[in-house]
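Since this is a predicted model, take the numbers as computed values, not measurements. All values below were derived from every heavy atom in this structure, side-chain atoms included, with hydrogens, water molecules and symmetry-related copies excluded.
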Amino acid sequence: MVSVGTPQVGVPIWNIAVGCLGGLVLLSTCCIVGLLVFGASLEAVLIGGVLAVIVAPLYAMFLLWLDPLEHEPPWLLLIAFFWGAGVGTLAGGFSTLVLDLIARGLFGASGAISDAASAVIFAPVTEELAKGAFLFFLFALARHEFDDVVDGIVYGGLVGLGFAVVEDFAYYLMTLAEEGLVATGALFVIRGLLAGFGHPFYTALTGLGCGLARSTRSLPLRVLAPLGGLAGAMFFHALWNGLAVATAATQSVGLVFLVLVGYPFGILLPGALLLAIVAVVAARGRRRDVQRYLQEAVSEGLATPDDLEALTRPWSRRARQFRMLTTVGWRALWLRRRLDIALVDWAYRQWHRARGDRLPYYLAAFESEALERRIRRWRTELDQLQTARVS
């Protein structure tokens with residue numbers, strides 16, 4: 001949910017935490033991109049960069065489509081993406097390198113064995129832990145932004161997408177330098193198109209587990225669901241890396257078929273459909289909950305019957321906002337959007353509180369009472385604008 005309104009109790013602490021997190025994400029992203037482009041030609045950087053990002057908006061649109069009811073804060077969605085791009089790639093890559101050196105030094109593993117172990121064992125573990133750390137941060141410290149499985153899938157998918165963009169960029173740069181443009185184009189078909197949803201899928205599984213833990217009252221499930229989601233992410237990541245390593249080593253036609261057809265259409269496509277089904281089913285339940293609590297808001301004078309109809313139908317909500325822009329103006333549009341976001345947030349907070357969940361002190365500005373004060377103030381201002389426009 002989005003942070004709205006003037007500063008309230010707890011907001012300074014939350015803003016400081018978000019600022020530090022954003023700074024870490026920005027710094028790490030700049031570092032990893034700087035390391036990748038250092039010594040590379042401008043032509044290679046441009047080609048690799050275009051190939052790395054060209055399909056990313058499609059995957060991002062799919063993930064955001066899964067959550068039409070709630071307006072997630074854009075700044076937090078960007079932090080999720082760049083966490084994967086910066087912190088995830090740096091921490092995951094460095095940890096994999098350390099484990100590889102340990103395997104070579106302490107256990108005397110040969111180069112081929114340690115490379116295979118890095119790809120199939122070390123990388124899936126370290127990279128999924130590095131990506132999943134952002135979801136655990138949201139789960140533990142930002143409960144007002146993390147409601148259920150839909151939020152987990154969306155944020156996890158965006159973290160994985162950021163990681164995939166930077167990792168693909170690195171592979172494209174390396175392939176351009178060593179094998180040329182044709183080989184890079186073939187790699188783009190495999191990594192960008194056929195297996196492009198891999199990393200978003202892996203980390204979305206971790207998010208799915210965290211979302212289950214967030215929305216259940218069962219203590220065992222709260223512990224096991226995130227671990228199960230993380231284990232699933234590591235498994236499918238290791239499966240893909242294992243197929244790629246085995247195919248490169250054996251040149252087996254059967255393994256090539258699995259890499260080009262079996263994994264994309266047998267694992268990733270059904271996985272994306274499964275995520276969509278889970279999100280749609282969960283969204284229906286969320287819509288019923290929001291409607292139920294918005295009915296309470298209507299009875300308390302906090303919302304109107306029109307809100308009850310529009311806020312649970314994304315297209316109706318957008319159409320109402322557009323009418324507000326065309327009939328009253330930009331300030332009215334801003335107020336209408338703030339009201340819509342805050343009312344849905346209020347309904348979610350009521351749902352969580354009914355389940356015994358209260359936010360910690362540093363998030364007090366996002367509790368129901370604080371949201372209610374902002375809603376009443378904005379509604380009064382919006383009514384005044386509309387009245388002035390009519391008169």
Side-chain angles (χ1 to χ4, degrees), residues 1-16 18 67-77 142-147 151 286-355 357-391:
M1 300 175 196
V2 71
S3 306
V4 289
T6 56
Q8 304 286 333
V9 176
V11 166
I13 298 175
W14 170 246
N15 287 344
I16 291 171
V18 170
D67 191 11
L69 180 62
E70 186 183 6
H71 181 94
E72 303 294 346
W75 56 266
L76 193 55
L77 296 174
R143 295 204 302 271
H144 65 301
E145 304 289 3
F146 201 139
D147 293 303
D151 286 349
R286 291 169 65 169
R287 186 175 290 109
R288 289 192 297 269
D289 291 329
V290 168
Q291 287 177 331
R292 175 158 57 93
Y293 285 106
L294 283 180
Q295 287 174 347
E296 295 183 10
V298 172
S299 64
E300 295 176 9
L302 194 62
T304 66
D306 186 49
D307 292 328
L308 184 62
E309 176 68 20
L311 292 180
T312 55
R313 291 177 170 82
W315 288 109
S316 298
R317 184 174 68 242
R318 295 187 184 99
R320 185 172 67 164
Q321 292 172 359
F322 181 74
R323 288 195 302 270
M324 192 63 63
L325 171 64
T326 56
T327 58
V328 185
W330 287 101
R331 177 63 181 176
L333 171 64
W334 185 90
L335 289 167
R336 181 71 268 169
R337 280 179 52 82
R338 295 303 94 188
L339 273 170
D340 291 348
I341 293 167
L343 281 167
V344 174
D345 285 359
W346 182 88
Y348 275 116
R349 286 308 314 147
Q350 293 294 94
W351 178 73
H352 280 298
R353 292 182 70 171
R355 299 164 63 87
D357 177 28
R358 286 193 64 92
L359 295 177
Y361 173 81
Y362 65 89
L363 296 177
F366 308 101
E367 274 289 12
S368 302
E369 295 84 358
L371 288 169
E372 181 175 341
R373 289 192 294 271
R374 295 199 287 275
I375 289 169
R376 294 189 185 281
R377 185 176 70 250
W378 290 334
R379 187 171 296 282
T380 299
E381 184 177 352
L382 181 60
D383 290 341
Q384 290 172 348
L385 284 175
Q386 291 178 289
T387 302
R389 180 70 176 182
V390 171
S391 60

**Q** With a 3.5 Å distance limit and no angle check, can you tell me whether E72 reaches the backbone of L77 through a side-chain donor-acceptor pair?
**A** no
**Q** Decide yes or no on side-chain contact (heavy atoms from CB on, under 4.5 Å) for V344 and R286, but give the supporting numbers first.
**A** CA-CA 10 Å; V344 174; R286 291 169 65 169; over 6 Å; no
**Q** What verdict does the side-chain contact (heavy atoms from CB on, under 4.5 Å) test give for L339 and E381, after you've listed the backbone C-alpha separation in whole Å, the side-chain angles of each residue and the deciding distance to 0.1 Å?
**A** CA-CA 11 Å; L339 273 170; E381 184 177 352; over 6 Å; no
**Q** Could you list the donor-acceptor pairs under 3.5 angstrom formed by side chains in residues 319-326, with sequence neighbours left out?
**A**
| residue | atom | partner | partner atom | Å |
| --- | --- | --- | --- | --- |
| R320 | NH1 | D306 | OD2 | 2.8 |
| R320 | NH1 | D307 | OD1 | 2.8 |
| R320 | NH2 | D307 | OD1 | 3.0 |
| R320 | NH2 | D340 | OD1 | 2.8 |
| Q321 | NE2 | D340 | OD2 | 2.9 |
| T326 | OG1 | F322 | O | 3.2 |
| T326 | OG1 | R323 | O | 3.1 |

**Q** If I compare all heavy atoms of F366 with all of L371, which pair ends up nearest, and what's the gap?
**A**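 For F366 versus L371, the nearest heavy atoms are O-CD1, 3.7 Å.
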**Q** For a quick test of reading the model, state the closest non-hydrogen atom pair linking A370 to A365 and the distance between them.
**A** CB-O, 3.3 Å
**Q** T304 and V298: which non-hydrogen atoms are nearest, and at how many Å?
**A** O-CG2, 3.6 Å
**Q** For E369, check salt bridge (Lys or Arg N to Asp or Glu O under 4.0 Å) against everything at least two apart and list the hits.
**A** R353
**Q** Under 6.0 Å from the ring centre and within 45 degrees of the ring axis: does the NZ or CZ of R349 meet both conditions for the six-membered ring of W346?
**A**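 Judged by the rule (NZ or CZ under 6.0 Å from the ring centre, within 45° of its axis), R349 is not positioned above W346.
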**Q** When you compare the side chain of R374 with that of R377, does any pair of heavy atoms fall below 4.5 Å?
**A**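 Of all side-chain heavy-atom pairs linking R374 with R377, at least one is under 4.5 Å.
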**Q** If you look at every heavy atom in L294 and A303, which pair is closest and at what distance?
**A** O-CB, 4.5 Å
**Q** Using 0.5 Å steps for rounding, measure from the CD atom of E367 to the CZ atom of R373.
**A**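 E367 CD to R373 CZ: 10.5 Å, rounded to 0.5 Å.
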**Q** Output yes when a side-chain donor or acceptor of R317 lies under 3.5 Å from a complementary backbone atom of L311, and no otherwise.
**A** yes
**Q** So, for R336 and L343, which heavy atoms are closest and what is the spacing to 0.1 Å?
**A**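 Nearest pair, atom of R336 first, then L343: NH2-CD1, 4.5 Å.
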**Q** Specify the closest pair of heavy atoms between P360 and R143, including all atoms of both residues, with the distance to one decimal.
**A** CD-NH2, 3.5 Å
